[in-house]
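Structure first, then comments.
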Amino acid sequence: MAGKNAAASILKTLLKPSSTPQSAAGKTLTQTVLSLLKANRLQKAVSILFASPESVPYSLYAHLFQLCSSSHAIVEARKVESHLVSFSPTPPIFLLNRAIECYGKCGNLNDARELFDEMPERDGGSWNAMLSAYTQNGFAGKAVELFLEMNSARVLGNEITYASVLGSSAGELELGLSRQIHGLIVKRGFCGNVILESSLVDVYGKCMVMSDARRMFDEIENKNAVSWNVIVRRYLEAGDEKESIVMFFKMLREDNCPLNFTFANALLACSLLSSLKEGMQIHGVVIKMDFVGDEVVLGSLIDMYVKCGKLEDACRIFYQPGKRDMISWTSIVSGYATNGRIREARELFNDMPERNVISWNAMLAGYTHSLQWEEALSFFNLMQETTKDIDHVTLGLLLNVCAGLPDVEMGKQVHGFIYRHGYSINVFVSNALLDMYCKCGNLRCARVWFYQMSGWRDKVSWNALLTSYARCGQSEQAMTFFSKMQWETTPSKFTFGTLLAACANMFALKQGKQIHCFMIRNGYEMDIVVRGALVDMYTKCNCLDYAIRVFKESSSWDVILCNSIIFGCCCNGRGKDALELFSLMKKEGIKPDHITFHGILLACICECHIKLGLQYFDLMSNEYGIIPQLEHYVCMIELYCQNGCMEELENFVKRIPFDPTVSLLTKIFRFCRKQGHTKLGEWAAKKLSKLDPSVQFQV
DNA sequence: GCGTTTCCGA
């Protein structure tokens with residue numbers, strides 16, 4: 001803004017003395033053009049000007065360039081420039097600068113540069129115009145290059161120059177250059193300029209040097225709303241959400257009014273941390289400072305409540321009378337979709353007044369999240385029929401569908417589409433593709449693709465490959481890949497989850513302990529999944545005490561973690577502890593699954609609890625709606641056989657709703673022979689010889 | 001300011 005005002009005042013002073021006396025025809029032309037402009041007919045005005053070999057006042061050219069800029073009229077801009085250079089023998093520099101600015105605003109960088117290069121004389125404004133043409137069009141590298149050229153040409157920039165090049169050096173993550181520019185700013189005495197100072201905070205933040213960003217921020221004497229917004233945003237993007245929120249509240253304490261986007265950034269920090277308390281406090285501030293009519297703020301509030309798991313609160317804001325934009329709609333649809341409330345999500349989706357590709361993706365993600373692959377596929381087909389808009393997220397989700405079905409042939413078709421449309425180098429898409437090959441069990445394709453990704457793969461790619469090796473039992477291979485991985489990237493908690501599982505399968509206590517130690521030493525987060533893997537590794541390696549310790553230190557438990565420790569107890573003859581864990585689960589509100597009951601039945605075998613075993617067996621279907629599977633029947637038969645319960649066994653065998661397997665029948669047969677129970681033994685032998693006629697069974 | 005990837009149990 002400061003630049004525009006300065007330019008306007010220069011224009012005013014220059015305009016009168018440099019205007020040449022006009023011919024009568026020139027005056028008429030000027031009047032015609034001006035009246036057409038008044039009638040909003042830019043195109044007509046310019047074509048009349050273009051056809052007339054008369055010069056008009058510089059002020060009119062300036063006005064025309066401005067109008068061309070605001071209406072992105074490239075053709076008209078060219079005509080105006082052409083007229084200017086044809087009928088003014090020496091057009092003033094400021095007007096040519098205007099032309100460059102105009103080309104820049106129209107995104108016409110080639111014309112801008114051509115004019116810049118051909119100018120007989122340039123001033124600082126010419127450089128600034130060219131610089132902002134590059135920065136505004138996202139050519140940060142070009143802008144930085146031009147700034148360096150400017151310095152070699154010994155042209156001293158002004159504040160506008162620095163503001164615009166700082167934006168670009170941040171975009172290019174040019175930390176070294178940014179520091180040099182910072183030095184120049186200090187040297188030229190522009191330190192008190194809050195725009196430059198805030199830009200410096202922005203640059204350091206974007207280059208992830210938050211300590212420098214903060215130091216710069218603290219040095220700003222007259223911080224404005226933008227300065228505060230920058231520091232809140234930078235902490236957020238640097239992954240320090242806590243400090244982001246701290247700064248937001250500091251801003252309020254120092255009596256500053258946030259921008260709507262500052263609210264949005266602070267609320268986003270709350271979402272990422274799932275810190276509902278702070279989010280609600282900010283909600284209070286929103287009401288107090290009267291931002292309730294701002295759709296950006298409302299959208300962010302809705303999303304915060306959704307991400308903190310408070311769907312009902314999000315809805316309350318959503319259904320309040322007032323503005324509801326597409327982003328709020330999408331947030332709320334996504335909220336229902338990711339909470340597994342697909343039907344409600346779909347109803348809302350159908351009610352949306354307008355949708356973009358993100359709304360479609362949010363709904364599609366709902367289907368994939370709740371593993372509804374067929375529904376996801378038909379929704380994708382609907383999406384294709386309705387909109388031509390597909391992006392990398394859609395493709396990632398579609399690949400998840402291929403992996404979930406699993407349908408490697410469809411996956412390959414998607415692969416072809418990705419290849420043809422240049423999505424391959426998108427790391428999300430290419431990881432989803434890798435994951436698809438892994439989950440479809442096509443390790444060969446997975447590996448080929450993994451090697452093709454070598455230019456842009458990341459730790460997610462490594463984790464996906466490691467997991468697929470571990471899943472198909474190639475634990476040693478997974479460990480080898482882990483060593484290779486460290487040459488390229490650092491492991492994450494996801495890596496360790498997989499590796500610990502591989503150690504558990506190999507009973508590799510030493511390596512498992514090494515990984516555990518590594519995680520502690522390097523401050524890795526021990527989330528519930530990692531703890532689950534650790535518990536399983538320690539129980540399989542016969543270190544139940546370690547397993548119990550890891551389990552107890554966990555701040556929360558899930559069904560997998562509990563199952564691991566229950567099995568661990570059973571394997572170590574501590575069935576009583578396993579049964580106690582089951583009551584703990586009930587107390588904690590963790591819903592047991594069929595694996596839990598398998599463990600519980602094993603515990604009953606351990607403790608010879610015959611009656612209790614049957615009680616749990618019945619509880620499974622009566623109370624939890626879990627249909628007993630083969631392993632549960634095996635456990636019950638084992639329980640009866642081991643304890644010599646002939647009658648119970650006979651009654652129980654009648655309840656088996658499927659044809660008993662060979663191993664089940666063999667167990668019954670052997671037990672009956674030992675106990676001299678001919679009737680049931682004969683029944684088992686008969687069934688067995690039917691399954692395998694070559695074997696004879698003697699009762 | 002809205003949507004997408006990788007990890008634990010039988």
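Numbers restart at 1 for each chain; the letters A, B, ... are given by sequence-line order, proteins then strands. Quantities reported herein were computed from a predicted structural model and do not represent experimental measurements.
- Note: CZ (F494(A)) to C1' (dC8(B)) measures 12 Å, nearest angstrom.
- K307(A) has no side-chain polar atom (N or O) that falls below the 4.0 Å cut-off from OP1 or OP2 of dG1(B).
- One can place CG of N260(A) at 9 Å from C1' of dG1(B), the figure rounded to the nearest angstrom.
- Closest to the A464(A) side chain, of the nucleotides dC7(B), dA10(B), dT6(B), is dT6(B).
- For the pair N400(A) and dT4(B), the criterion of a side-chain N or O lying under 4.0 Å from OP1 or OP2 is not met.
- Out of dA10(B), dG1(B), dT4(B), the shortest distance to the side chain of E295(A) is found at dG1(B).
- The distance between atom CG of D558(A) and atom C1' of dC7(B), rounded to the nearest whole Å, is 12 Å.
- Between N265(A) and dG1(B) there is a side-chain N or O to OP1 or OP2 distance below 4.0 Å.
- With no hydrogens or angles considered, no side-chain donor-acceptor pair links N463(A) and T498(A) at under 3.5 Å.
- The salt bridge (charged side-chain N to carboxylate O under 4.0 Å, His left out) test applied to D290(A) returns no partner, not counting sequence neighbours.
- Remark: E607(A) pairs with no residue by the salt bridge (charged side-chain N to carboxylate O under 4.0 Å, His left out) rule, at least two apart or across chains.
- Scanning for side-chain hydrogen bond (donor to acceptor under 3.5 Å, both in side chains) contacts around D527(A) gives K493(A), with sequence neighbours left out.
- Among the protein residues, F428(A) comes within range of the nucleic acid bases, having at least one heavy atom under 4.0 Å from a base atom.
- Applying the salt bridge (charged side-chain N to carboxylate O under 4.0 Å, His left out) rule to E243(A) yields the partners R214(A); only residues at least two apart in sequence or on another chain are considered.
- Scanning residues 433-443 of chain A for heavy-atom distances under 4.0 Å to DNA chain B yields D435(A), K439(A).
- Counting any heavy atom pair closer than 4.0 Å across all strands shown, H369(A) reaches sugar-phosphate atoms only and no base atom.
- Partners of R316(A) according to the salt bridge (charged side-chain N to carboxylate O under 4.0 Å, His left out) rule, which considers only residues two or more places apart in sequence or in another chain, are D313(A).
- Within residues 467-486 of chain A, the residues approaching DNA chain B are T467(A), R471(A), by heavy-atom distance under 4.0 Å.
- Remark: R233(A) is in phosphate contact with dG1(B), judged by side-chain N or O atoms under 4.0 Å from OP1 or OP2.
- Identified under the side-chain hydrogen bond (donor to acceptor under 3.5 Å, both in side chains) test for residues 376-390 of chain A, with sequence neighbours left out: none.
- At the heavy-atom level, Q629(A) lies nowhere under 4.0 Å from the strands shown.
- Taking the ring centre of F551(A) as origin, the terminal cationic atom of R531(A) falls outside the region bounded by 6.0 Å and 45° from the ring axis.
- Not counting sequence neighbours, the partners of W462(A) by the side-chain hydrogen bond (donor to acceptor under 3.5 Å, both in side chains) test are E488(A).
- For Q511(A), there are no side-chain hydrogen bond (donor to acceptor under 3.5 Å, both in side chains) partners two or more places apart in sequence or in a different chain.
- Between H392(A) and dT5(B), a side-chain N or O to OP1/OP2 separation shorter than 4.0 Å is absent.
- The base of dG1(B) sits within donor-acceptor range of the side chain of D325(A), with an N or O pair under 3.5 Å.
- Not a single donor-acceptor pair, N or O on each side, falls under 3.5 Å between the base of dC7(B) and the side chain of T498(A).
- Proximity of residues 382-390 of chain A to DNA chain B (heavy atom under 4.0 angstrom from any strand atom) is not detected for any residue.
- Among pairs with a residue in residues 546-568 of chain A, those fulfilling salt bridge (Lys or Arg N to Asp or Glu O under 4.0 Å) read R549(A)-E553(A), at least two apart in sequence or across chains.
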